Colleague: 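Supplied in structure tokens, the structure appears directly below.
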Amino acid sequence: QVHVVESGGGLVQAGGSLRLSCAASGRIFSSYAMGWFRRAPGKEREFVASRSTGGRSPYYADSVKGRFTISGDNAKGTLYLQMNNLKPEDTAVYYCAARDSNWASLEANDYSYWGQGTQVTVSA
């Protein structure tokens, strides 16, 4: 069975940094494209970043480009999202997702496996 589990959320002041982690079970990390999405209060889920297998073709939402970096550790089977210069509008529940494909997608519906989410709160 496929599992992805996020961690690393928390409360941070504007301008600060956090690193989210996503532990992926089994063969997921080497065989599945993975991504990060988020849902802010009262808003729909939105794409944040994604990468194809092997770290190819990273994509970022315009709102986070230049501030967030998606990366992975093959040996640990872990996906990361380094978030720098955080803003209050980054406050959301962040979700890790895996797609049964080598290629990343910006569409949440293309991802079959989701974690439970981790809360990120950025204070002004």
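Basis for what follows: all heavy atoms, side chains included, without hydrogens, waters or symmetry-related copies. Here the structure is a predicted model, which means the values were calculated and not measured.
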Colleague: What's the separation between atom OG in S31 and atom CG in D100, rounded to the nearest 0.5 Å?
Modeller: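 So the OG of S31 and the CG of D100 are separated by 8.5 Å.
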Colleague: For the OH atom of Y32 and the OG atom of S112, what is their distance to the nearest 0.5 Å?
Modeller: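 The OH atom of Y32 sits 7.5 Å away from the OG atom of S112.
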Colleague: Could you pull out the closest heavy-atom pair between R51 and G54, with the gap in Å?
Modeller: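 Distance-wise, the nearest heavy atoms are NH2-C, 4.1 Å.
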Colleague: Can you get from F47 to M34 by hopping between Ile, Leu, Val, Met, Phe, Trp and Tyr side chains that sit under 4.5 Å apart?
Modeller: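 No, because F47 and M34 fall into different hydrophobic clusters, even though each may have its own neighbours under 4.5 Å.
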Colleague: Consider only side-chain heavy atoms of I, L, V, M, F, W and Y, link residues closer than 4.5 Å, and tell whether Y95 and W36 are in one cluster.
Modeller: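 They do not share one cluster, since no chain of ILVMFWY contacts under 4.5 Å joins Y95 to W36.
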Colleague: Within a strict 4.5 Å, meaning less than it, do heavy atoms of the V48 and L81 side chains meet?
Modeller: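 SC-SC contact between V48 and L81 confirmed.
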Colleague: Looking at A104 and S57, what are the two nearest heavy atoms and their distance?
Modeller: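 A104 and S57 have their closest heavy atoms at CB-O, 4.5 Å.
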Colleague: Does Y80 have more than 12 heavy atoms from other residues, nucleotides or ligands lying within 6.0 Å of its OH?
Modeller: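 Yes.
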Colleague: Would the number of heavy atoms belonging to other residues, nucleotides or ligands and lying under 6.0 Å from CD of Q13 be above 12?
Modeller: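 Not buried by this count: 12 neighbours or fewer within 6.0 Å.
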Colleague: Taking atom CD of E44 as the centre, does the number of heavy atoms from other residues, nucleotides or ligands within less than 6.0 Å exceed 12?
Modeller: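 Open: at most 12 neighbouring heavy atoms sit under 6.0 Å from CD of E44.
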Colleague: Can T78 and D73 be counted as having a side-chain donor-acceptor contact under 3.5 angstrom?
Modeller: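 Distance-only check fails for T78 and D73.
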Colleague: Is there a side-chain contact between M83 and L20, using heavy atoms and a 4.5 Å cut-off?
Modeller: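 The answer is yes; the side chains approach within 4.5 Å.
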Colleague: Between the main-chain N or O of I70 and the side-chain N or O of Y60, is there a donor-acceptor pair closer than 3.5 Å?
Modeller: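 Indeed, once roles are kept as given, a pair shorter than 3.5 Å links the two residues.
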Colleague: Should S17 and N84 be marked as a side chain to side chain donor-acceptor pair (under 3.5 Å) after you check the CA-CA gap, both sets of side-chain angles, and the distance that decides it?
Modeller: CA-CA 4 Å; S17 299; N84 297 329; 3.0 Å; yes
Colleague: Would you name the heavy atoms of P88 and A14 that are closest together and state the gap between them?
Modeller: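 Shortest heavy-atom contact: CD-CB, 4.1 Å.
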Colleague: Rounded to the nearest 0.5 Å, what separates atom CG in D90 from atom CZ in R67?
Modeller: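 If I round to the nearest 0.5 Å, the distance is 4.0 Å.
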Colleague: Please give me the minimum heavy-atom distance between G9 and V120, naming the atom from each residue.
Modeller: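 Smallest interatomic distance, heavy atoms only, reads CA-CG2, 4.1 Å.
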Colleague: Hey, is the main chain of H3 close enough, under 3.5 Å, to the side chain of S25 for a donor-acceptor pair?
Modeller: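 It does hold such a pair.
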Colleague: Is there side-chain contact between W114 and R45, with heavy atoms separated by less than 4.5 Å?
Modeller: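 Side-chain contact under 4.5 Å: yes.
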Colleague: Testing the basics here: between T91 and A40, what is the closest heavy-atom pair and its distance to 0.1 Å?
Modeller: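 It is O-CB, 3.5 Å.
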Colleague: For the CH2 atom of W103 and the OG1 atom of T53, what is their distance to the nearest 0.5 Å?
Modeller: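 These two atoms lie 7.0 Å from each other.
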Colleague: I want to check something: taking the side chain as every heavy atom from C-beta on, are F37 and Y111 in contact at a cut-off of under 4.5 Å?
Modeller: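 Touching, per the 4.5 Å side-chain cut-off.
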Colleague: In terms of heavy-atom contacts, does CD of E107 have more than 12 from other residues, nucleotides or ligands at under 6.0 Å?
Modeller: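 12 or below, so no.
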Colleague: Would you give the length of the straight line joining atom SG of C96 to atom CD of E6, rounded to the nearest 0.5 angstrom?
Modeller: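 That separation rounds to 5.5 Å.
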Colleague: Do you know the tightest heavy-atom contact between S71 and L79?
Modeller: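 Heavy-atom minimum between the residues: O-CD1, 3.3 Å.
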Colleague: With side chain to side chain donor-acceptor pair (under 3.5 Å) as the test, would you mind laying out the steps for R38 and Y94 before giving the verdict?
Modeller: CA-CA 4 Å; R38 66 187 182 186; Y94 284 71; 2.9 Å; yes
Colleague: When rounded to the nearest 0.5 angstrom, what distance separates CZ in F68 from CG in L86?
Modeller: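 Going from CZ on F68 over to CG on L86, the span is 5.0 Å.
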